[in-house]
Structures are given as C-alpha cells and as structure tokens.
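To start, the structure itself, in structure tokens.
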Protein chains: 2
Amino acid sequence: MTAPEGQGDDDAGGHLGAGEAEATIAYKLRLAQILAFRAFEEKLADHGRAPRYLGLLAIIRSHPGQPQSRLAEAVALRRSSLVTILDILAEEGLIERRSSPQDRRSNGIWLTDEGERVVAELLRESRRHDAELTAGLSPQEIETTLHVLDRVIANLRTGEAG
Amino acid sequence: MTAPEGQGDDDAGGHLGAGEAEATIAYKLRLAQILAFRAFEEKLADHGRAPRYLGLLAIIRSHPGQPQSRLAEAVALRRSSLVTILDILAEEGLIERRSSPQDRRSNGIWLTDEGERVVAELLRESRRHDAELTAGLSPQEIETTLHVLDRVIANLRTGEAG
DNA sequence: CCTGAACTGTTCGATGTCGAACAATACGAG
DNA sequence: CTCGTATTGTTCGACATCGAACAGTTCAGG
C-alpha cells in the first residue's frame, strides 16, 4: 500500500525512493533533518550564524554557566567542535566565556543580553518553522512523534560509552 | 509531566535539555539523526565508506541507471557533493558510471555485483540498527512516526524552488 | 606530601558538504 | 539552421565536524 513508486521503474516525475531501505526510521530521519535544517537556515540567512546554532543557544539559555564539555554532549557534538562554534558566537556578541572559580580548567558559558534577545526572536521563528514542517498533521501524530524521537535519542545515548 | 529537568536548575546528572525549544520537531530531529548516523557508522567502521552512503546505494539499487543530478535530489545533497562521493564508491568498486547514449552530458549510475552484495548485507544491518533505535516503542508509534516523517519531507520538498 | 589517572579546553590535519563558477551538451523559439 | 537558455557533471575555495594529540588542572590513593 505504501509504494510511492514502482521500484526499479524509470518513473518520470517525483522523487526517487530507496526501496526497502525507505521503511527505516534512520533513513527518513536523515532526509527530514537535512531538509529541515537547510530550510531554516536559508529562511534566516540574514541573522548571522545564530540560526545554525539555535539549539545550542537555547540550551545555554536554559542552563546558564555550564562548562563546554557538558554543552557538547547536549547537542551531540564533540568538545573540539564546540571550541570554534563558541569562538564565533562570542565574536558575534551572543555568548560569554567566564572562567569558573571552582575549577580553573573549565569555562562557564552564558548568554549576553544581546544573546538573550536574539534567542528569544529565533525561538519564535523556530516555532513558526515547525508549524510549516508539520502542516497537514494532527496534534496527536505530532505528539507521538515527539515521544518516539525522545525514546530514540535515549536509546542511542545509553549506548554512548565515553 | 514531560519536564526532564527543571529549566535553569543546575541538575547534576543526566543530559541538558533545551527548554522550550526542546518541544520542536526540528530540534529532536537533528539530535536523533546525528546520534543515529554516528552509531550506525561506528558499528560498521570496518565496512569502508558504504555505510555512510547506504541511503544513496539503496536508491541506486531501486533505480538503476539514473543520472547523478536525480540521485542528488533523492538524498538531499548537492550535485557537486555527489561527484566526490561517487568517485569514492566507484573506487571501492561498488558503483559504475556509464555514459548515457541519449544524453552525452549525463552518466547513468549502476551498482556493480560487489555493490549489490554489499548493499544487501548492509540493509540487513540497517534493519537491525533500526530495531535498536526503536526499542521500547510500539509498532503503532513507529508507523505513525514514519508517516509523520514522510509528510515533513514532502512539506519541505514542495518548498524547494530550484 | 606525591604520583598517576581522569578531565578541561585547545590545536591541528583529514574529510565532508556547500555555493559559485565553468565547459560541454541539449533543446526550444524564431 | 541559429541563437539563447537550461541542464549535466565537474572543479575550486570556504566552512563544519571529526579524531588524535596536547598542556593545564583536579583529585584519589598511597
């Protein structure tokens, strides 16, 4: 019943499907994420690099003063990758590194006032963006999907042996 | 009810959440995709670069002989990115470029016999991987999520003005 | 106190993806 | 046929992310 196109047929219009691989969560997840991320960034191309790192910025807002390593885990990037990112966000005046008094190795990361302002605005945009993504879907379907994604993330994180 | 941690609290254990941004599909989508892709690649680190491009290979298998530009659209990458990828896959002996007789600009892309073999094996692995991702979830929840992701992808693709 | 293991942020080289440009080819309007 | 436009694969420079290495720091055990 769910055969968007005959596999192997040289159909003229529409997009190519992946045959049986298309039935997997991982496959659709990747496709959807690439397209969603791209669309969001293009729509806000005039907002500097903040849109790309909105997820990170939102975490910093909810958890001010956390060390970089903790933030890296939260956004599923590597400590080394976060260095450059925070350099950029600091240069754009959105965040601040304050060296921790308790632990001289680590920095606490904080939003600047400008950062707070930008994040608040971009979060509004992101809600609008999400509404576009999910057009034509019921609130129930969306809620189920959020729940499933939570579980998928949790399943993957328990396997994350440092 | 769904408050994994108090926002703003300096909770000791667990992972940091993104506050209100966490409620969006786009945010969870990105997190889940990064973790899933990474886990799959690490598990199959000894299989060359095929795991990373399994989605592409599966499409080629289902639609042999398609031009590169078509494949690029299907996997949501750019034409220019696909050139290097196909170079690698050709060098590993998994695919073949055959110049089209009808249009001397374009190449048809085909799996080699080795490619067919590798893809078949990796698709088995990917099904196993997907089962791990979705552990603890009901078939209904998974089906709903697949449906939602399909719709999200469709919504994003209609906006893709060339 | 001392010493070694673990953790922090950082640098560096390798690889992946992008956007803008390009030559070759196809094709439609006249 | 002819000319302009669109498309195809490609190259190139910019940027993002990674893994491996590193120095500085913390801390537990002896």
Side-chain angles (χ1 to χ4, degrees), chain A residues 12 30-31 33-42 45 48-56 65-92 95-110 160-162, chain B residues 12 30-31 33-42 45 48-56 65-92 95-110 160-162:
Chain A
R30 177 160 172 80
L31 219 48
Q33 190 272 326
I34 292 179
L35 290 167
F37 201 65
R38 193 139 81 200
F40 187 65
E41 225 176 5
E42 281 175 5
R49 270 181 256 262
R52 162 166 249 140
Y53 301 117
L54 177 58
L56 172 62
Q66 292 291 323
Q68 303 183 190
S69 63
R70 205 83 195 284
L71 295 176
E73 280 180 18
V75 293
L77 293 184
R78 304 305 188 179
R79 285 191 313 285
S80 61
S81 308
L82 218 61
V83 175
T84 322
I85 294 170
L86 291 176
D87 284 349
I88 292 170
L89 295 178
E91 195 173 354
E92 292 195 355
I95 64 124
E96 243 181 2
R97 280 185 247 232
R98 305 187 197 158
S99 48
S100 160
Q102 297 94 2
D103 189 336
R104 279 194 297 165
R105 293 170 299 179
S106 78
N107 302 325
I109 309 296
W110 307 74
E160 255 185 344
Chain B
R30 177 161 172 80
L31 218 49
Q33 190 271 327
I34 292 180
L35 290 166
F37 202 65
R38 193 139 82 199
F40 187 64
E41 225 174 6
E42 280 174 7
R49 270 181 256 261
R52 164 167 245 140
Y53 301 118
L54 177 58
L56 172 62
Q66 292 291 322
Q68 302 182 194
S69 63
R70 208 76 197 284
L71 295 175
E73 280 180 19
V75 293
L77 293 184
R78 303 306 188 180
R79 286 191 312 284
S80 60
S81 308
L82 218 62
V83 174
T84 323
I85 295 170
L86 292 175
D87 284 349
I88 293 170
L89 295 178
E91 196 174 353
E92 290 195 357
I95 62 122
E96 243 181 2
R97 280 186 247 231
R98 305 186 196 158
S99 47
S100 160
Q102 297 94 2
D103 189 334
R104 278 194 298 164
R105 292 171 300 180
S106 78
N107 302 325
I109 308 297
W110 308 74
E160 255 186 343

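Chain A is the first sequence line, chain B the second, and so forth, proteins listed ahead of strands; every chain is numbered from 1. Values reported hereafter were calculated over all heavy atoms of this structure, with side chains retained and with hydrogens, waters and symmetry mates removed.
If you take CD of B/Q66 and C1' of D/dG9, they are 16 Å apart, rounded to a whole angstrom. When the P atom of C/dT10 is taken as reference, atom CG of A/L82 falls 9 Å away, rounded to whole Å. Distance, A/L56 CG to D/dT17 C1': 14 Å, rounded to whole Å. To the nearest angstrom, P of D/dG9 lies 16 Å from CZ of B/R98. Following rounding to the nearest Å, A/Q68 (CD) and C/dT8 (C1') show an atom-to-atom distance of 8 Å. Note: CZ (A/R97) to C1' (C/dG9) measures 8 Å, nearest angstrom. Rounded to whole Å, the distance from CZ on B/R105 to P on C/dT25 is 10 Å. If you take CG of A/D87 and C1' of D/dA16, they are 13 Å apart, rounded to a whole angstrom.
Considering A/E96, A/R97, A/Q68, A/R98 in turn, A/Q68 is the only one that fulfils the side-chain hydrogen bond (donor to acceptor under 3.5 Å, both in side chains) rule with A/N107. Each of A/L82, A/L77, A/I85 was compared with A/L71 under the side chain to side chain contact (heavy atoms under 4.5 Å, CB included) criterion, and only A/L82 meets it.
Under 3.5 Å, the side chain of B/R79 and the base of D/dT8 form no donor-acceptor pair of N or O atoms.
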Give each protein N/O atom lying under 3.5 Å from an N/O atom of nucleotides 16-19 of chain C, with the pair distance.
from: C/dG16; atom 1: OP1; to: B/R49; atom 2: NH1; distance (Å): 3.3
from: C/dT17; atom 1: OP2; to: B/Y53; atom 2: OH; distance (Å): 3.0
from: C/dC18; atom 1: OP1; to: A/R38; atom 2: NH1; distance (Å): 2.6
from: C/dC18; atom 1: OP2; to: B/R78; atom 2: N; distance (Å): 3.1
from: C/dC18; atom 1: OP2; to: B/S81; atom 2: OG; distance (Å): 2.7
from: C/dG19; atom 1: OP2; to: B/R78; atom 2: NE; distance (Å): 2.7
from: C/dG19; atom 1: OP2; to: B/R78; atom 2: NH2; distance (Å): 3.4
from: C/dG19; atom 1: N7; to: B/S80; atom 2: OG; distance (Å): 3.4
from: C/dG19; atom 1: O6; to: B/S80; atom 2: OG; distance (Å): 3.2

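Among all heavy-atom pairs drawn from B/E92 and B/A50, the shortest one is OE1-N, 4.3 Å.
Atoms CD1 and OG, on B/I109 and B/S100 in that order, are 11.0 Å from each other to the nearest 0.5 Å.
Heavy-atom distances to DNA chain C give each of B/D103 and A/L86 a nearest nucleotide, and the one nearer the 5′ end belongs to A/L86.
Judged by distance alone, the side chain of B/R38 and the main-chain N or O of A/A76 form a donor-acceptor pair under 3.5 Å.
Residue A/R104 places at least one side-chain N or O closer than 4.0 Å to OP1 or OP2 of D/dT26.
Contact check for B/F40 versus B/R52: no side-chain heavy atoms found under the 4.5 Å cut-off. Side-chain contact between A/L56 and A/L86 is present, with heavy atoms from C-beta onward closer than 4.5 Å.
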